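Reviewing the structure listed below.
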Amino acid sequence: MLNELISGVASSLLKDTDGDGQIQAIQLFHQLSQQNGGLNGLLSLLLQNVDLASIVQSWISNGSNAQPQASQIENALGSSLGQAAANIGLNSSQASHLLAQYLPQIINTITPNGNASDVNSFGMDDVAKIMLKQIIK
């Protein structure tokens with residue numbers, strides 16, 4: 001029910017009026033979370049990628065966030081990225097560029113104590129709060 005609510009809000013109410021892609025990045029994150037068994041599944045997938053693991057770990061930790069390349073995101077997420085992108089009207093290249101820009105901030109937000117286990121207590125309702133904050137700003 002909550003996932004349907006978030007999808008509905010994201011697809012019908014939210015528009016990326018300033019053109020910076022933050023809302024689309026959150027929509028992608030939501031789609032990818034659903035496709036990969038939730039937030040834990042998505043985070044595990046990212047951490048399993050050899051080229052991206054240390055970068056993702058920087059997002060989780062309390063230090064500065066390393067910036068990924070769009071190609072690293074695309075390689076790590078594979079076909080699920082294409083599917084998620086298509087669901088919100090983007091192609092894989094556009095999606096990987098948005099995620100390269102915003103995924104560090106999103107992962108950093110859902111792991112506030114610098115620990116991947118923080119994701120266990122972070123739900124899609126929290127992602128909805130992030131989306132709503134983007135509207136208000």
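Counting begins at 1 with the first residue of the sequence. Values below: every heavy atom of this structure, side chains too, minus hydrogens, waters and symmetry copies. Bear in mind that the values here come from a model prediction, so they are computed numbers and not experimental data.
The nearest pair of heavy atoms linking Y102 to G21 is CE1-C, 3.8 Å. Here the shortest heavy-atom pairing between P68 and P104 reads CD-CG, 3.7 Å. When every heavy atom of G114 is checked against every heavy atom of N62, the shortest pair comes out as N-OD1, 3.4 Å.
Once rounded to the nearest 0.5 Å, the distance linking CD of Q67 with CG of L103 reads 10.0 Å. Between the CG atom in L46 and the CG atom in L42 there is a gap of 4.5 Å [rounded to 0.5 Å]. To the nearest 0.5 angstrom, L77 atom CG is 7.0 Å from N36 atom CG. Taken to the nearest 0.5 Å, the CG atom of L52 stands 9.5 Å off from the CG atom of N75. N40 CG to L45 CG: the interatomic distance, rounded to the nearest 0.5 Å, is 12.5 Å. To the nearest 0.5 Å, atoms OG (S79) and CD (Q35) are separated by 8.0 Å.
Side chains of W59 and T109 form no contact here, defined as non-hydrogen atoms less than 4.5 Å apart. Between F29 and I107, some side-chain heavy-atom pair lies under the 4.5 Å cut-off.
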Side-chain atoms of residues 85-93: list all donor-acceptor pairs with protein atoms under 3.5 Å, sequence neighbours left out, distances to 0.1 Å.
| unit_1 | atom_1 | unit_2 | atom_2 | d |
| --- | --- | --- | --- | --- |
| N87 | ND2 | Q31 | OE1 | 2.7 |
| N87 | ND2 | Q83 | O | 3.4 |
| N91 | OD1 | S93 | N | 3.0 |
| N91 | OD1 | Q94 | N | 2.7 |

- [ ] Evaluate side chain to side chain contact (heavy atoms under 4.5 Å, CB included) for L32 paired with L99, printing each intermediate quantity in order.
- [x] CA-CA 11 Å; L32 289 164; L99 289 174; 3.5 Å; yes
- [ ] Dump the intermediate steps for side chain to side chain contact (heavy atoms under 4.5 Å, CB included) on L43 and I60, then the final yes or no.
- [x] CA-CA 10 Å; L43 188 57; I60 295 168; 4.0 Å; yes
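Judged by distance alone, the side chain of E74 and the main-chain N or O of L81 form no donor-acceptor pair under 3.5 Å.
Considering only residues two or more places apart in sequence or on other chains, D51 meets the side-chain contact (heavy atoms from CB on, under 4.5 Å) condition with N49, Q72.
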